[in-house]
*Asks:* 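Questions regarding the structure given below will be posed in turn.
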Amino acid sequence: MFKYNEVHKGDEVSYIEALCDRVERSLDEGLLPVDVFSDEKVFRAEMERIFTRTWVFVAHDSEIPNSGDYVLRKIGLDQVIVTRDPKGGVNVLLNHCRHRGTEVCHQDRGNASHFKCPYHGWIYKNNGDFVGAPDMRQAYGGRLDAKEWGLLRAPKVDSIHGFIFACLDENAPSLRDYLGGAAWMLDCIFNLHPDGMEVLGPPERFIVRADWKSGAENFCGDAYHVGTAHYSATLSGLIPGDVRETGPNARGYKFDGGHSFIGHALHDWFGPPFAFWGYPPEVQEQFDLSRFDAQQIEMMKKVPPTIGTIFPNFSFLRFPQPARSGEFPMAFTNIRMWQPSAPGVMELWVWEFDWKCAPQRHKDDSYLAGQFGFGAGGIFEQDDTAVWEGIARAATSPWNRRLGTQLHYGQLRVEPDPDWKGPGEYYPSIYGEYCQEAFWRRWLDDMRKGGAGQ
Ligand code: FES
Ligand code: FE
């Protein structure tokens with residue numbers, strides 16, 4: 001049996017290599033070592049091997065619609081300024097001055113043509129170019145190379161349906177290639193109307209004392225927890241129906257690259273009004289289905305994707321939920337980032353979205369429905385984050401560490417549907433934990449190889 005202390009004698013690199021070997025052996029047996037969570041060495045390796053190399057979501061177009069708009073975001077531990085420059089381009093800039101390194105921007109959002117460093121006053125355009133500094137002639141003989149001394153810029157920035165992603169590895173594949181078959185799914189989720197979706201407000205951010213991977217893997221494919229962790233929502237009458245039906249009505253969509261989605265058979269479960277996530281007729285009538293293939297339309301009518309994760313830490317949620325007392329449940333769209341802060345600690349960022357074309361009342365109700373369940377005060381969010389914090393504590397348990405405890409990831413195998421005509425694989429049952437396994441195998445791959453660009 002693995003002994004934690006033996007491995008800790010080695011240096012950090014060999015520790016990670018040994019851990020990866022253990023994780024691989026464990027996954028082959030339907031297990032996972034508990035110490036992949038909430039561990040300092042693992043966390044440092046993740047920051048270097050995953051978050052500086054994969055595509056990470058940073059902002060939505062509707063958050064920075066005008067020239068000069070910017071928001072502060074994170075790629076792993078790096079704070080970045082996401083700006084809209086005068087040419088309409090999006091720049092993802094490291095928020096550290098090139099002179100002595102302090103942050104040049106201290107506001108979460110705003111509009112600025114330039115950023116002036118608060119320390120000595122170096123000035124940068126909102127595309128990152130250096131433009132000047134105090135006492136240029138006396139200090140620098142009048143010139144500094146603007147390109148050379150600009151803010152560091154993410155070498156790859158791209159978007160899909162307004163969702164902007166950045167990658168710090170210039171050798172990484174394109175965003176579309178990175179997403180692979182999952183892009184086909186994102187088309188269904190975000191491209192039903194040519195005007196797309198928009199944010200309904202700034203993101204909520206709150207600290208959770210849990211590992212970022214606990215949220216990411218849960219949203220990959222864990223419908224098994226709903227009947228237990230969220231049963232209080234049924235007992236208290238806060239939602240109609242019985243949440244214990246969520247697992248049996250859940251299906252799985254698994255794509256290459258560790259990207260996975262849960263789907264729910266809403267049409268069969270709730271009845272005919274629940275085609276297309278249960279959007280009301282005034283919204284559904286505006287959807288343009290001409291851009292989708294037959295499999296996509298069939299899926300959105302009967303088993304739409306309801307929850308999902310794009311590796312590493314971008315997740316999606318769209319589900320019908322009550323907005324106003326006594327009214328028909330309302331489909332909301334919630335986007336979240338499991339933002340790593342420290343070993344076993346994440347900042348959870350949560351946005352509510354709706355279709356730009358939707359009536360204002362729908363937007364209001366959709367926002368309420370999303371916040372009712374998810375977000376800092378959401379009833380489901382409380383249930384989830386409480387149990388995920390327990391996983392982080394298990395990972396730091398000296399008893400678990402001494403014994404090399406492994407967690408159970410080995411539900412009975414489920415076979416994919418052979419008649420599925422879309423990309424990836426469709427599974428008629430979510431039991432089997434194949435989506436979570438795919439997430440961990442992608443994690444393992446990146447931890448071994450150093451990420452998408454290698
Ligand atoms: Fe920014 Fe000196 S640290 S100007
Ligand atoms: Fe949950």
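We number each residue from 1, following the sequence as shown. One-based numbering, in listed order, for ligands and for the atoms of each.
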*Asks:* Are any of the side-chain heavy atoms of W420 and Y253 separated by less than 4.5 Å?
*Replies:*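 Yes; the side chains approach each other to less than 4.5 Å.
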*Asks:* Find out whether E204 and Q371 are in side-chain contact, i.e. whether some heavy atom of one side chain is under 4.5 Å from a heavy atom of the other.
*Replies:*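 Result yes, sub-4.5 Å side-chain heavy-atom pair found.
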*Asks:* Short list, please: which atoms of ligand 1 are under 4.0 Å from a heavy atom of C117?
*Replies:* 1 (Fe), 3 (S), 4 (S)
*Asks:* For the Fe ion (ligand 2), find the closest N/O/S atom belonging to H230 and write down its atom name.
*Replies:* NE2
*Asks:* Examine W440 together with Y434 and report whether their ring centres are nearer than 6.0 Å.
*Replies:* no
*Asks:* Does the ring center of Y279 lie less than 6.0 Å from the ring center of F287?
*Replies:*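 Y279 vs F287: aromatic centres under 6.0 Å.
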*Asks:* Show the atoms of ligand 1 that are less than 4.0 angstrom away from any heavy atom in C97.
*Replies:*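 Close to C97: 1 (Fe), 3 (S), 4 (S).
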*Asks:* Got a salt bridge between K254 and E425, using NZ or NE/NH1/NH2 to carboxylate O under 4.0 Å?
*Replies:* yes
*Asks:* Looking at atom 2 (Fe) of ligand 1, which N/O/S atom of H99 is the nearest one?
*Replies:* ND1
*Asks:* If you count the atoms of ligand 1 from 1 in the order shown, which ones are under 4.0 Å from a heavy atom of R100?
*Replies:* 3 (S)
*Asks:* Can a salt bridge be assigned to the pair K213 and E46 using a cut-off of 4.0 Å between side-chain N and carboxylate O?
*Replies:*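 Looking at K213 and E46, the cut-off is met.
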*Asks:* Determine which of the N, O or S atoms in H120 is closest to atom 2 (Fe) of ligand 1 and give its atom name.
*Replies:*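 When I compare the N, O and S atoms of H120, ND1 is nearest to atom 2 (Fe) of ligand 1.
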*Asks:* Please determine whether D384 has a backbone or side-chain N, O or S atom lying under 2.8 Å from the Fe ion (ligand 2).
*Replies:*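 Of the N, O and S atoms in D384, at least one lies under 2.8 Å from the Fe ion (ligand 2), which means yes.
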*Asks:* With atoms numbered from 1 as shown, which atoms in ligand 1 lie under 4.0 angstrom from a non-hydrogen atom of Y119?
*Replies:*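 Reading through ligand 1 atom by atom, the close ones are 2 (Fe), 3 (S).
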*Asks:* Taking 4.0 angstrom as the limit, do D256 and R441 come out as a salt bridge?
*Replies:* no
*Asks:* Which ligand 1 atoms does W122 reach within 4.0 Å, using its non-hydrogen atoms?
*Replies:*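 Reading through ligand 1 atom by atom, the close ones are 4 (S).
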*Asks:* Can you list the atoms of ligand 1 that are under 4.0 Å from a heavy atom of G121?
*Replies:*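 Numbered from 1, ligand 1 contributes 4 (S).
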